[in-house]
Chemist: 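This is the structure I want to talk about, given as C-alpha cells.
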Amino acid sequence: MPSDAEQSTGVAVATAETAAPAAPEAKADNETSTSTSETTTVAAGAVPPVVDADTGAASPPPGRMSKPVIVAAAVAGVALVALPMALTGLLGGDQPGEGPNAAGYAKDLPQDGGFVPGLAAPPADIGGPAPGQPGNQLPALAADGVPAGLPGAAADPGTAGLPGGPPPAVGGGPAPGPQQHQAPPPPAQPQGPAVPAAKAVTYDGMAGRGCGGGTGFTGVGAYSDGKAGWVNHGNGGCGTSFVSIPMSGDANKDDSSAYGLWTFNTGPVTTGACAVSVFVPTGDLTVVGGSPSVYRVFDRFAVDKGTPVGSFQIDQVGNRGRWVSVGTFRINGAKLAVQLLTRGRDWSGSTKTYAHHAAAMIKAKCQA
C-alpha cells in the first residue's frame, strides 16, 4: 500500500510514468537500479497511476477527482472568499447588502464578465492600494466610498453655481432637486350676469305740523284760550313748529274729546314693523310739561274704532331737546297712527300750573 505522502505527490509520478513505454524493460546494471531508486525517492509517497493495458494512458484512481478539477475548485473558492471582502472595502458598507449598491449587483461589469449571484464585479486592479485610503478612490466614487450621484455622496461644489443649477443646501447636504412649477389655474369660466339681491322694502317718514308726503298731524278738540288752551309754536313749517296740548287735570283720566294724532301712510310697506321715535322740544312747564306723557299706537287711522297695537310713555321734562326712540310696532294695511292722550295734572296744591303736553315731530321707519 502506498503511504499518504506518496498519494499527495501522485502528480509527479504520473507524469514520469506516462512518458515511459507500456512494458518496462529489466535493467541489468546497478546504475539503472540507482536511477530508478532516485526517481522513486523524488516522488515518494505518490500513488502509482492506473495504466490501461490497451492504450497505455494513465487515469486517476477510482473515486477521486482529477488534478485539473481540484485546481479549478481551489481557485474558485479563493475568489468566492476574497471578492466580497474587497467589495466591502470599496463600497464602505459594514454589512452585506448595505450602501447604495447591495452585494450581488455590480454597477460596472467587466467586459468579459457577467452577473454572479452573491458577488459584485471585482475592481480591475486587485493588487492596488487598499480601498478607502486617501487618494485611492475609484472613478465615479466620492471620498467616503459612496458612488457619486447616489444618496450620501458629497455634492459637487462646482454644480450649484451653474446657471439654472439648484442652490446649495443649508448645512452642507446635497443640493435640492429642481423645483416643480405648478401649472397655472385654469381660467375662470364665464358666468351669466349675477342676479341682484332683492332689495328690502322700506319706508321712512316724519309727521308733524307742516309736514306732508303721506303723513299728517291733527289736533283733535283743539281750542284757543290763552295759556289755558291749545298753543301753537314756531312758524308752521315741518320740523320748526309744534303744539302744546292742555292736560285733563287728572293723572289717570283722559279727555276723550281732545288728543293729538300723527298718521303715516307707510306705502310700499303694507305689512311689517315700524320703529318709532319722538322729538321733545324745549320749553317750560306751560310748553313742555308732560311727566309723563302717554301715547298709544294703532294700525289704522280711525283710533276711536280700533284696539291699539301698543303704547308707550315719555318723561318730556327729563328729555327736552332730543329724539327718544320708543320701540317697534307691527302694522297692517300700510297704516300707522300715534295718539297723544291728555291725562295729567296741571296744578300743584291749590295753584294752577297750566302744564301742557308738547306735540312736535314723530318719525317712523318701516320694513316689510
Side-chain angles (χ1 to χ4, degrees), residues 200-225 229-234 236-239 241-281 288-290 292-314 316 323-344 346 356-368:
V201 180
T202 61
Y203 169 82
D204 190 350
M206 183 173 72
R209 285 195 65 196
C211 298
T215 67
F217 173 78
T218 304
V220 177
Y223 63 93
S224 297
D225 187 11
W230 292 58
V231 181
N232 294 324
H233 304 279
C238 179
S241 303
F242 67 95
V243 178
S244 295
I245 301 175
M247 294 182 181
S248 66
D250 191 334
N252 299 312
K253 187 177 179 179
D254 299 314
D255 180 0
S256 60
S257 64
Y259 53 87
L261 183 65
W262 294 262
T263 59
F264 300 85
N265 186 346
T266 59
V269 178
T270 58
T271 301
C274 297
V276 176
S277 57
V278 176
F279 180 74
V280 180
V288 184
S293 297
V294 179
Y295 302 78
R296 294 191 298 183
V297 181
F298 295 83
D299 59 357
R300 64 190 64 196
F301 295 162
V303 296
D304 56 342
K305 298 180 181 179
T307 301
V309 295
S311 64
F312 60 90
Q313 60 185 22
I314 298 175
Q316 291 188 345
W323 285 93
V324 180
S325 297
V326 295
T328 302
F329 305 90
R330 299 292 303 177
I331 63 168
N332 188 22
K335 290 180 173 61
L336 173 68
V338 179
Q339 181 187 34
L340 172 59
L341 303 178
T342 60
R343 68 185 64 177
D346 57 355
H356 285 64
H357 298 291
M361 291 77 66
I362 294 180
K363 288 183 178 180
K365 294 184 178 181
C366 307
Q367 183 171 349

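On a predicted model such as this, the values are computed, not experimentally measured, just so you know.
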Chemist: Can you name the residues that form a side-chain hydrogen bond (donor to acceptor under 3.5 Å, both in side chains) with His357, not counting sequence neighbours?
Modeler: Ser293

Chemist: For Ser241 and Gly234, indicate whether the former's side chain and the latter's backbone hold a donor-acceptor pair under 3.5 Å.
Modeler: no

Chemist: Report the distance from atom SG of Cys274 to atom NZ of Lys363, rounding to the nearest 0.5 Å.
Modeler: 14.5 Å

Chemist: So, do Ile331 and Val309 sit near enough that their side-chain heavy atoms are less than 4.5 Å apart?
Modeler: no

Chemist: Below 4.5 Å, heavy atoms only, C-beta onward: do Lys335 and Phe298 meet side chain to side chain?
Modeler: no

Chemist: Tell me, do Tyr223 and Pro246 make a side-chain contact under 4.5 Å, heavy atoms counted?
Modeler: yes

Chemist: Sequence neighbours left out, what passes side-chain hydrogen bond (donor to acceptor under 3.5 Å, both in side chains) with Ser257? Give chain and number order.
Modeler: Asp255

Chemist: Taking all atoms of both residues into account, what is the closest heavy-atom pair of Ile245 and Ala359, and its distance?
Modeler: CD1-CB, 4.0 Å

Chemist: Quick one: ring pair (Phe, Tyr, Trp, His ring centres under 6.0 Å) pairs with a partner in residues 245-275, sequence neighbours left out?
Modeler: Phe217-Trp262

Chemist: Identify the two heavy atoms, one from Ala273 and one from Thr328, that lie closest to each other, and give their separation to 0.1 Å.
Modeler: CB-CG2, 3.6 Å

Chemist: Could you tell me if the side chain of Phe312 sits less than 4.5 Å from the side chain of Val278, heavy atoms only?
Modeler: yes

Chemist: Is there side-chain contact between Val326 and Gln313, with heavy atoms separated by less than 4.5 Å?
Modeler: no

Chemist: Rounded to the nearest 0.5 Å, how far apart are CH2 of Trp230 and CG of Asp225?
Modeler: 13.5 Å

Chemist: Going through the checks in order, is the side chain to side chain contact (heavy atoms under 4.5 Å, CB included) test met by Val297 and Val276?
Modeler: CA-CA 10 Å; Val297 181; Val276 176; 5.5 Å; no

Chemist: So, for Val269 and Thr202, which heavy atoms are closest and what is the spacing to 0.1 Å?
Modeler: CG2-C, 3.7 Å

Chemist: How far apart are the C-alpha atoms of His356 and Asp346, what are their side-chain angles, what is the distance that settles it, and do they pass the side chain to side chain contact (heavy atoms under 4.5 Å, CB included) test?
Modeler: CA-CA 7 Å; His356 285 64; Asp346 57 355; over 6 Å; no

Chemist: So how far is it from Thr266 OG1 to Asp204 CG, rounded to the nearest 0.5 Å?
Modeler: 12.0 Å

Chemist: Determine the minimum heavy-atom distance between Ala207 and Gly216, stating which atoms define it.
Modeler: CB-O, 3.8 Å

Chemist: What is the distance from atom CG of Leu336 to atom OG1 of Thr263, rounded to the nearest 0.5 Å?
Modeler: 9.0 Å

Chemist: Is there side-chain contact between Met206 and Phe279, with heavy atoms separated by less than 4.5 Å?
Modeler: no

Chemist: Suppose the criterion is side-chain hydrogen bond (donor to acceptor under 3.5 Å, both in side chains): which pairs have a residue in residues 294-303, not counting sequence neighbours?
Modeler: Tyr295-Gln316, Arg296-Gln339

Chemist: Considering all heavy atoms of both residues, which atom of Cys211 and which atom of Gly239 are nearest to each other, and what is their separation?
Modeler: SG-N, 4.2 Å

Chemist: Taking Thr215 for the side chain and Gly212 for the main chain, is one N or O donor matched with an acceptor at less than 3.5 Å?
Modeler: yes

Chemist: Quick test of your reading: applying side-chain hydrogen bond (donor to acceptor under 3.5 Å, both in side chains), list the pairs with at least one residue in residues 244-253, sequence neighbours left out, ordered by first then second residue.
Modeler: His233-Ser244

Chemist: Nearest 0.5 Å please: distance from the OG atom of Ser224 over to the CG atom of Asn232.
Modeler: 7.5 Å

Chemist: If every non-hydrogen atom of Leu340 is compared with every non-hydrogen atom of Val294, which pair is closest and at what distance?
Modeler: CD1-O, 3.5 Å

Chemist: With sequence neighbours excluded, tell me which residues meet salt bridge (charged side-chain N to carboxylate O under 4.0 Å, His left out) with Asp254.
Modeler: Arg343

